[in-house]
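Side chains are part of it too, since the values below use all heavy atoms of this structure and drop only hydrogens, waters and symmetry mates.
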Amino acid sequence: MHDIRTIRDNPEAFDAGLRRRGLAPLAAGLLEIDRRRRAAITESEQTQARRRALSKQIGVARGKGEPTEALMAEVGGLDAVQKAAEKKAADAEAELDGLLAGIPNLPDAEVPDGADERDNKEIRRIGNPRNLAFDARDHVAIGEALGLMDFAAAAKMSGARFVVLKGQLARLQRALAQFMLDLHTAPAAGPLGGYTEVDPPLLVRDNALYGTNQLPKFAEDQFRTTNGYWLIPTAEVPLTNLVNDSVVDEKDLPLRYTAWTPCFRSEAGAAGKDTRGMIRQHQFPKVEMVSITAPEQSADEHERMTGCAEEVLKRLDLPFRTVVLCSGDMGFGARKTYDIEVWLPGQNTYREISSCSNCGDFQARRMNARYRPREGKGTRFVHTLNGSGLAVGRTLIAVLENYQNGDGTVSVPAALRPYMGGSDTIGAVKG
RNA sequence: GGAUGGGUGGCCGAGCGGUUUAAGGCACCGGUCUUGAAAACCGGCGUGGGGGCAACCUCACCGUGAGUUCGAAUCUCACCCCAUCCGCCA
């Protein structure tokens, strides 16, 4: 949510930011509504003040036994005037808020200009794809050959975009999540760890989704229960909403939270896209990281968070690259976003496995999430950041495809073996 | 699902038709005192609108929205939310 006062102070900068997002200028229209709104507020409040003064005089006059008819006559006509002005103000405010709620965050100055993902900029590339002595298979072929990944069974009970994992693959997924959580929840050491593990609700109300930007604009992408709850599309929602409508002390910042949860997405706009395999599912597990910071810290925290996500891939020895999204490809609430893309030999390409965004005060404003600065008066909005650390389902895919062997088995990355009961291979015949 | 109680500033909490300019306390920030700290005392301490270069002045805001009234935090209705008890249930 944008601050109308910021727009009022610098409408050119606002429109320039929108242009970078590929959007038409809006400042003039917004400010016109804002002028109407403020004029109506002034009118309403002045009328109200007059009413109250007269009413007080009536009370005083009564106390002295003096006549009140003249005062009563004057106050009589004010009611309708005040109500009308109040309604004008409320209507204008609703109109303004409705428009503001649908406008995306503006890109940070460091974000490269661009229209879509082709304009994203790679900023680093870590690790080298393994040279396989055989043709790489994709995760579907690997998993189904092992008999541990069953799309048909999932389709029978749930339809497309679901999967059943069994045995060592189910365990591998759990191992990955466990491994990620252990990494992020370790006591903060320099650029790693320090996140508090949270087990949040998976069903949330409207106001929570509003706070993290999914509402009102992206309702179609969500699942909703018959009695009005929403299934979380990411743990970003409950984790960020931990500070909804609250004031924290600056000394407690940054707050760092992590959670391993299923995520639910209707994939309404994704018909026909990524239909094969586990890449795009209605339900998938993800380890999410959320940081709540003071404004001055958020840029550094963004780098740190991205590093935490990258560390998972480094320790799993999976090749990846990190890109900074261009202005036209960023999500609604982000001011700057890093995507981490893992190498998938089965698809011969890098695929997104994490997205780390700095939202600035955009969500904080919607949530009314503030902090009390050490120095100075009042409260200020916090900055919120979120990042996947990582998408567990896609990490499973990456392990299968990068660690596949010629005999159809899959090696277990060294870092995961403690979580796999010491086993170093999936699909190996025992004995 | 049924019943009851309740939503007041960062937190707790009084107020239940007109000196409320929303008491009091806690927390926090200044100051006095002290070697320093604590305690004590003094002062400050919400958001938004309008005006002013500014110190500042002024108006509105007691979950949300309607209503009653000359006048509403206070009365009425609806809705949202929270708590407790009962029922059902992993």
Side-chain angles (χ1 to χ4, degrees), chain A residues 1-9 30-98 100-101 199 201-211 215-216 224-230 237-238 241-253 255 262 292 294 361 364-382:
Chain A
M1 178 72 98
H2 289 286
D3 183 5
I4 188 65
R5 284 174 298 178
T6 314
I7 301 173
R8 206 187 293 151
D9 290 345
L30 294 168
L31 291 180
E32 171 51 31
I33 300 168
D34 182 49
R35 265 191 294 279
R36 263 167 37 217
R37 171 179 146 268
R38 287 187 297 154
I41 287 172
T42 303
E43 187 190 354
S44 159
E45 291 187 347
Q46 282 175 352
T47 313
Q48 173 76 339
R50 182 67 188 146
R51 267 174 82 187
R52 299 198 115 186
L54 288 168
S55 293
K56 190 167 268 183
Q57 287 177 41
I58 290 171
V60 171
R62 287 230 175 129
K64 294 182 186 162
E66 291 169 356
T68 58
E69 287 75 15
L71 294 167
M72 302 270 275
E74 184 178 354
V75 86
L78 261 41
D79 185 62
V81 177
Q82 201 260 326
K83 287 254 156 49
E86 206 170 55
K87 178 155 173 28
K88 259 194 288 181
D91 287 350
E93 178 158 1
E95 186 181 355
L96 188 62
D97 284 351
L100 287 174
D199 187 4
L202 307 181
L203 299 175
V204 298
R205 287 201 278 247
D206 291 7
N207 78 303
L209 279 193
Y210 180 82
L215 290 180
R224 193 169 201 200
T225 69
T226 51
N227 52 353
Y229 288 114
W230 301 91
V237 175
N241 273 284
L242 285 172
V243 294
N244 188 309
D245 196 30
S246 67
V247 180
V248 299
D249 281 334
E250 183 172 11
K251 66 176 164 50
D252 296 327
L253 298 176
L255 294 170
I292 311 295
D361 63 5
R365 211 174 280 288
R366 289 171 164 247
M367 290 191 300
N368 193 28
R370 295 158 293 161
Y371 75 98
R372 192 172 294 285
R374 278 194 199 85
E375 318 256 316
K377 285 197 216 173
T379 57
R380 298 171 69 197
F381 289 112
V382 296

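- One can place CG of A:Asp245 at 14 Å from C1' of B:rC80, the figure rounded to the nearest angstrom.
- The interatomic distance linking A:Arg370 (CZ) with B:rC11 (C1') rounds to 13 Å, in whole Å.
- Mapping A:Val247 and A:Arg37 onto RNA chain B via the closest heavy atom, the residue that lands nearer the 5' end is A:Val247.
- The C1' atoms of B:rC62 and B:rG17 are separated by 15 Å, rounded to the nearest whole Å.
- A 4.5 Å side-chain heavy-atom check between A:Asn368 and A:Phe381 finds at least one atom pair inside the cut-off.
- A salt bridge is absent between A:Lys88 and A:Asp91: the closest approach of a Lys/Arg side-chain nitrogen to an acidic carboxylate oxygen does not fall below 4.0 angstrom.
- If you take CG of A:Asp206 and P of B:rU64, they are 18 Å apart, rounded to a whole angstrom.
- Comparing the C1' positions of B:rG5 and B:rG9 gives an interatomic distance of 23 Å, to the nearest angstrom.
- A 6.0 Å sphere centred on CG of A:Asp9 holds more than 12 heavy atoms belonging to other residues, nucleotides or ligands.
- Look at B:rA3: its Watson-Crick or wobble partner, with both distances under 3.5 angstrom, is B:rU84.
- With rounding to whole Å, A:Met72 atom CE is found 17 Å from B:rG18 atom P.
- Using atom P as the reference point in both B:rU21 and B:rA83, the two lie 35 Å apart (nearest Å).
- Atom P of B:rU47 sits at a distance of 13 Å from the matching atom of B:rC11, rounded to the whole Å.
- Atom C1' of B:rG87 sits at a distance of 11 Å from the matching atom of B:rA3, rounded to the whole Å.
- Across the protein-nucleic acid pair, A:Arg35 atom CZ and B:rG49 atom P stand 15 Å apart, rounded to whole Å.
- Of the listed nucleotides (B:rG49, B:rC82, B:rG10), B:rC82 has the atom at the smallest distance from the side chain of A:Arg205.
- Salt bridge absent: A:Asp361 and A:Arg370 never bring a charged side-chain N and a carboxylate O closer than 4.0 Å.
- At B:rG50, one or more side-chain N or O atoms of A:Arg38 fall inside 4.0 Å of OP1 or OP2 (strictly under the cut-off).
- In this structure, the side chains of A:Asp245 and A:Asn207 stay at 4.5 Å or more apart for every pair of heavy atoms.
- Base pairing annotation: B:rA60 forms a Watson-Crick or G-U wobble pair with B:rU47, both donor-acceptor distances under 3.5 Å.
- Other residues, nucleotides and ligands contribute over 12 non-hydrogen atoms within 6.0 Å of the OH atom of A:Tyr210.
- Nucleotides B:rG30 and B:rA23 place their P atoms 24 Å apart, quoted to the nearest Å.
- The separation of B:rG49 from B:rA38, taken at their C1' atoms, amounts to 44 Å, rounded to a whole angstrom.
- In this entry the distance linking CD1 of A:Ile41 with C1' of B:rC61 reads 11 Å, nearest Å.
- Side-chain atoms of A:Arg5 lie closest to B:rG48 of the nucleotides B:rG48, B:rG50, B:rG10.
- Of all nucleotides present, only B:rG10 satisfies the Watson-Crick or G-U wobble test against B:rC26, with each distance under 3.5 Å.
- Only the C1' atoms considered, B:rA40 is 43 Å distant from B:rC53, to the nearest whole Å.
- Atom CG in A:Asn244 sits roughly 13 Å away from atom P in B:rC82 (whole-Å rounding).
- Taking atom CZ of A:Arg365 as the reference point, atom C1' of B:rG48 lies 14 Å away to the nearest angstrom.
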